[in-house]
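Read through the structure below, which is laid out as C-alpha cells, and then see the notes.
Per chain, numbering begins at 1; letters A, B, ... match sequence-line order. Only a predicted model underlies this, so the values are computations on that prediction, with no experimental measurement involved.
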Amino acid sequence: KNQVEQSPQSLIILEGKNCTLQCNYTVSPFSNLRWYKQDTGRGPVSLTIMTFSENTKSNGRYTATLDADTKQSSLHITASQLSDSASYICVVSSNNDMRFGAGTRLTVKP
Amino acid sequence: DTGVSQDPRHKITKRGQNVTFRCDPISEHNRLYWYRQTLGQGPEFLTYFQNEAQLEKSRLLSDRFSAERPKGSFSTLEIQRTEQGDSAMYLCASSKRQLAQYFGPGTRLTVL
C-alpha cells in the first residue's frame, strides 16, 4: 500500500470554479510535505512546501493545508484557469526518504 | 524554466539496445536524483547522488541500469539490453542538501 494516497484520482471542473485535492499519508517520521504541479510531458514543479508546524500556505491561487495530527493535506485551487489542467502530486518527506503520491489529474474545461 | 536540463527529451529504441540519458543539474546543487514515471503514476525513486557519491539505489534499479556522476556535476543513466517494460519517463531532479528538489523536463523512453 502506498504511503501517500491522493484523491480524487481525476477531476473535471469548469473554468472559474474552485476545487480541493486531498492527500493522506502514513509516512513517519514526518519531515515536510510538498505539492507539485506536473504538466503533461514535463517534470513536476514545486507549488508549496510545508513543515510540521505550518497549517496553511498560499502560492497565488493555490492554498495548501496540513493537519499533521490526522496526517492529511489538501490543495485548494481558487478561480481555476485552463492552465491549471495538470497532475498535482503530493510528496511527503521523511529524513532522506521521499514518498510520492500517484497524483490527481485535474482538467479545467471552458 | 527550473534550470535542470535533460537530454534527449525523447528516445525511441528497439528492444535489446542500450540507451544513455544525461542530466545537468542546477550548478550549485550537490544532490542529484533519478526517477522513473509511468503514465498516471507519481515518480518512482531510482537513485541519488550527493556530489559524486551514489548514496542510495532503489530495488527498481536492476543490474541493467547504471548511473554515474563522475565529477559531481552532470549525471548519466544507462539502460542496457532495454526491455519494453523500460518504457517510461525518466526524470532527473537536483537539490541543495535536503531542500526542495527541482525537476528537469524528463526523457521519454519508448522501447519497441
| Which one of B:Tyr35, B:Tyr33, B:Phe45 satisfies the ring-ring contact (aromatic ring centres under 6.0 Å, His included) criterion with A:Phe100? |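 Option passing the ring-ring contact (aromatic ring centres under 6.0 Å, His included) with A:Phe100: B:Tyr35.
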| said: Counting only non-hydrogen atoms closer than 4.5 Å, does B:Glu44 touch chain A with its backbone (N, CA, C, O), its side chain (CB onward), both, or neither? | reply: neither
Please check if atom [atom1] in [X] has more than 12 non-hydrogen atoms from other residues, nucleotides or ligands closer than 6.0 Å.
X: B:Lys57; atom1: NZ; value: no
X: B:Arg64; atom1: CZ; value: yes
X: B:Leu39; atom1: CG; value: no
X: B:Glu68; atom1: CD; value: no

| said: Please classify the contact of A:Gln9 with chain B as side chain, backbone, both or neither, using a heavy-atom distance under 4.5 Å. | reply: neither
| request: For B:Arg69, check salt bridge (charged side-chain N to carboxylate O under 4.0 Å, His left out) against everything at least two apart and list the hits. | output: none
| message | In the structure I gave you, are the side-chain heavy atoms of B:Leu91 and A:Pro44 within less than 4.5 Å of one another anywhere? | response |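 Yes - at least one pair of side-chain heavy atoms lies under 4.5 Å apart.
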| Within-4.5 Å side-chain heavy-atom neighbours: A:Met98 and B:Tyr48 | no
| Most contacts with chain A, counted as non-hydrogen pairs under 4.5 angstrom, among B:Ala93, B:Gly40, B:Pro43, B:Gly42 |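 Between B:Ala93, B:Gly40, B:Pro43, B:Gly42, the count favours B:Pro43.
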| query | What residues form a ring pair (Phe, Tyr, Trp, His ring centres under 6.0 Å) with A:Tyr25, not counting sequence neighbours? | reply |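 If we apply the ring pair (Phe, Tyr, Trp, His ring centres under 6.0 Å) test to A:Tyr25, skipping adjacent residues, the hits are A:Phe30.
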| What closest approach, in Å, do B:Met89 and A:Arg42 show between heavy atoms, and which atom pair accounts for it? |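 For B:Met89 versus A:Arg42, the nearest heavy atoms are CE-N, 4.5 Å.
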